[in-house]
Amino acid sequence: MSTVQNFEIYVPKLLDKREFFSAGHRACQGCGEVLALRLIMKALGDDVVISNATGCMEIISSAYPQTAWEVPYIHVAFENAGAVGSGVEAALKALRRKGRIADRYVKSVAIAGDGGTVDIGLQALSGAMERGHDMVFFCLDNEAYMNTGIQRSSATPFMAATTTSPAGKAIKGQRTGKKNVPEIMVAHNVPYVATACPSYPIDLVNKVKKAKEVKGPAYVHVFSMCPTGWRSASEQTIKLGRLVVETGIFPLYEVENGKYRMTMEIPKKLRPVEDYLKLQGRFRHLNADDIEKVQALVNKEWRKLMNKVACMKPW
Amino acid sequence: MGKRVGMEVAIAASEAVALCNIDVAAVYPITPQSHMAEHLADIIHDGRIDAEFITVESEHSSISACAGASATGARVYTATSSQGLMYMHEILPIVSAMRLPVVMGNANRAVSGPLNIWNDHTDIMPQRDSGWICMFAENGQEVVDMTIQSFKIAEHPDVMLPIVLNIDGFQLTHMIEPLEFPTQKEVNKFLPPRKPFASLHPDNPISMGCFNTPDIYAETMKAKDTALHNSKKTIVKIWKEWGKQFGRTYKPVETYRAKGADTLILTMGSMGETASIAVDELRKKGAAVGLVRLRLWRPFPLDELRAAIKGCKTLIVMDRAISFGGAGGPVGTEIKSLLYHDKGRPRIVDFIMGLGGRDVTVNDFIAMVERAKKKKDETYEYYGVRE
Amino acid sequence: MKQKKAASKAWPEKWHEINPGCMVFIPGNASTYHTGSWRAQRPEWDNKKCIKCGLCYIFCPEGCISEDAEGFFKANLDYCKGCGICAHECWPGAIKMFEEVE
């Protein structure tokens with residue numbers, strides 16, 4: 001592990017120094033989602049048009065008459081980032097072909113939270129990916145509807161307490177496991193699907209660049225730590241992102257033309273999920289038996305993924 | 001001017017769109033709009049025009065894709081009907097608030113439930129307050145002309161608003177009519193390529209769709225309302241321009257044998273044709289009856305309506321929608337309220353009729369004029385419903 | 001577009017001063033909003049311990065940490081919200097958080 005760590009420490013200086021998402025945004029202290037967004041924007045550069053769904057990143061960035069965006073940006077509604085992004089892509093293509101705008105390659109990029117991706121936005125996302133638009137869709141997944149006050153989404157993990165899946169006496173938080181949307185995107189035969197986490201910035205940046213280079217649809221699911229919604233300390237944001245990967249709860253991988261590949265070194269033995277859970281208030285109600293159940297679910301999902309990594313051939 | 005051809009109106013609508021050199025169309029099929037969607041796909045897939053055709057997975061996405069494409073500076077078109085329009089409902093006021101020109105053809109059809117695919121105006125009326133320019137075509141020629149005019153109006157720098165052109169489903173969309181198409185050269189002269197006020201491109205990064213705090217939302221709403229009211233000036237100007245170039249004139253409120261009439265029938269859309277025949281019949285019998293056709297529903301042409309109904313004693317409003325549990329049909333209710341303060345305003349009789357594709361014949365119009373004479377109060381009434 | 005920029009008021013007061021469609025023509029003008037007032041703790045760098053790795057810069061959610069001419073790092077306190085990520089992630093221990101006092 002030490003070589004990997006050293007490598008990661010010294011490369012930050014190779015990153016684009018320009019910021020495309022300005023300071024002065026209203027994200028909470030220690031927000032992992034806005035950090036993910038900041039790094040994504042650095043990796044994308046300035047030849048993009050952003051279509052953003054309603055959500056945390058929209059609300060904290062664009063209170064008229066101010067904007068934190070240094071690149072062209074549009075927000076229309078909650079569930080339609082995929083559709084707006086596909087309209088932008090079609091228009092850029094047609095106008096460039098017809099010589100009405102500069103002959104410059106510009107990528108259409110859609111960005112949504114987990115609600116705007118895995119729940120209310122799933123249909124528009126599915127349509128955009130299926131139609132093969134030349135665009136990237138980023139899901140910034142903070143595992144609940146944080147913007148409206150921490151209500152559960154289908155990306156909320158098993159047993160987590162939210163305001164609509166509270167840790168009650170009869171029902172202990174979220175009743176089901178996280179919906180696996182990267183898998184749904186793989187099933188769309190999208191040429192590039194990846195998971196990423198801002199605690200691994202170089203991995204994240206590489207994936208964003210790869211997704212941008214794909215000629216066609218690409219999907220990147222970015223784990224976004226949320227101290228406010230998870231009831232965790234703001235300074236532990238990055239640590240939580242590392243733990244979620246080291247415990248195997250949110251594995252970092254990419255699927256290129258159907259071929260699965262783990263992008264971070266796979267430990268021989270995963271860290272126990274408890275290391276991750278105990279730092280967060282949303283899992284405070286879990287007893288040893290509950291943690292065992294979470295561990296069993298994580299183990300099962302991990303085995304499923306490992307089978308795919310071992311067996312799936314590229315198309 | 002091109003030659004006269006016989007053509008189904010839905011197909012003619014798409015042919016008109018093709019003449020407008022659109023850049024992007026995002027259309028989801030729905031009866032009775034489907035021939036519009038199919039024919040537009042034919043045109044684009046045959047390479048007759050250079051445009052992107054987005055085969056969206058829903059109407060919600062078609063209007064959303066249109067918003068994105070319009071914001072990027074493209075000339076965009078969509079078409080829908082009934083449930084599709086209802087599904088778009090959430091996005092409609094956002095498109096107008098963002099001042100994005102989009103032209104939409106709406107093949108008017110009844111709204112579920114129960115499901116009914118036939119013609120009335122229950123789909124468009126719930127969209128009344130979404131801030132779109134809203135027009136009604138009466139026949140196929142108007143569909144062709146108004147489609148072309150709509151792009152010019154929507155994209156005009158003094159307007160920058162989306163337009164919905166209402167085309168009565170089946171009653172109009174599926175009629176085969178003799179039509180005159182302008183030539184491509186004539187359309188190019190009338191409608192040059194779009195020059196957007198602002199567009200999404202990294203050469204000039206702007207932010208669109210920023211949210212409003214309570215501090216500023218009310219000001220934004222007034223600005224939007226004012227923009228829609230002000231658009232009437234440009235609409236009338238562009239219609240005059242069309243009249244000069246093509247010889248067919250368009251006005252916000254059209255009249256037929258209204259001069260000296262003590263009773264006026266008010267219609268919107270294709271019903272005007274039947275009503276005009278009824279007017280002829282009644283005039284033959286010596287009754288002073290005329291017809292007023294409301295072409296422009298939003299912005300509402302109040303001054304033009306006032307002028308058109310001046311001196312009439314009874315105004316019979318034909319409403320093809322109903323505000324359940326309310327004061328009547330949306331058109332009747334609105335006209336009553338707008339004329340409330342006018343001295344010597346006519347008695348307004350509001351009929352709810354022609355719902356869900358129910359035929360309204362010449363004899364029905366004559367019967368309604370008779371019924372209106374006997375009617376004492378100004379409450380709304382269903383016409384033709386079996387008691 | 002330049003004209004539009006000049007015409008658009010930084011803070012519109014009246015309804016007719018609002019840009020059409022509430023468009024914002026000045027990229028990144030949110031930077032005029034200073035979030036530093038949210039802060040309860042302030043990061044301070046001990047340059048003797050700093051190895052100039054830049055992790056603090058990379059992990060700052062505000063993007064308010066920058067490199068100086070000598071390659072050391074500092075936070076722009078106009079924006080720093082005091083989340084403490086930089087101090088927590090600084091493995092040589094060069095950054096410490098200090099309580100802000102009135």
Side-chain angles (χ1 to χ4, degrees), chain A residues 20 45-52 54 58-59 61-102 104-108 110 123-128 130-131 133 135, chain B residues 21-26 28 49-76 78 90-91 93-95 97-98 100 102 193-196 198-213 215-217 219-220:
Chain A
F20 299 99
D46 58 0
D47 48 355
V48 291
V49 173
I50 306 291
S51 307
N52 193 192
T54 309
E58 174 260 329
I59 283 295
S61 69
S62 62
Y64 183 77
Q66 292 193 327
T67 181
W69 299 86
E70 307 269 0
V71 292
Y73 167 87
I74 181 172
H75 157 251
V76 178
F78 189 10
E79 68 281 57
N80 62 359
V84 175
S86 51
V88 168
E89 186 260 1
L92 286 172
K93 208 154 70 181
L95 294 175
R96 191 177 171 207
R97 195 169 59 219
K98 292 164 108 170
R100 298 242 305 279
I101 53 171
R104 171 180 176 185
Y105 180 71
V106 177
K107 192 91 181 184
S108 171
Q123 175 182 309
L125 166 64
S126 173
E130 171 271 325
R131 290 190 298 270
H133 292 280
M135 64 185 281
Chain B
N21 188 23
I22 58 159
D23 303 306
V24 176
Y28 188 79
I49 61 168
D50 186 3
E52 291 291 317
F53 188 70
I54 312 180
T55 49
V56 273
E57 81 295 337
S58 72
E59 289 90 353
H60 195 283
S61 283
S62 78
I63 190 64
S64 301
C66 283
S70 179
T72 313
R75 176 169 291 162
V76 297
T78 187
E90 186 215 4
I91 305 303
I94 307 179
V95 176
M98 291 174 77
L100 299 174
V102 171
R194 180 179 168 202
K195 280 199 194 75
S199 60
L200 296 170
H201 196 275
D203 286 347
N204 193 350
I206 60 167
S207 289
M208 289 189 185
C210 297
F211 81 95
N212 277 194
T213 56
D215 238 22
I216 204 153
Y217 183 79
E219 279 71 20
T220 301

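Order of the sequence lines sets the chain letters (A, B, ...), proteins ahead of strands, with each chain counted from 1.
Legend: residues meeting side chain to side chain contact (heavy atoms under 4.5 Å, CB included) with B:N21, ordered by chain and number and at least two apart, are A:K98.
In this structure, the portions of B:L200 lying under 4.5 Å from any heavy atom of chain A include both its backbone and its side chain. Contact annotation for B:V24: only side-chain heavy atoms (C-beta onward) come within less than 4.5 Å of a heavy atom of chain A. Within the 4.5 angstrom heavy-atom criterion, atoms from both the backbone and the side chain of A:I59 approach chain B. If you measure heavy-atom distances from B:H60 to chain A, the contacts under 4.5 Å come from the side chain alone. Looking at A:E70, only its backbone comes within 4.5 Å of chain B, counting heavy atoms on both sides.
Contact detail for B:A71 and A:I74: the closest heavy-atom pair is CB-CD1, 3.5 Å.
To the nearest 0.5 Å, atom CG of residue B:D23 and atom CZ of residue A:R96 are 15.0 Å apart.
With respect to chain A, the highest number of heavy-atom pairs below 4.5 Å among B:P205, B:A26, B:P202 belongs to B:P202.
B:M98 is listed as a side-chain neighbour of A:V76, based on a closest heavy-atom distance under 4.5 Å.
In this structure, A:H75 contributes its side chain and B:G209 its backbone to a donor-acceptor pair below 3.5 Å.
A side-chain N or O of B:S58 and one of A:Q123 form a donor-acceptor pair less than 3.5 Å apart.
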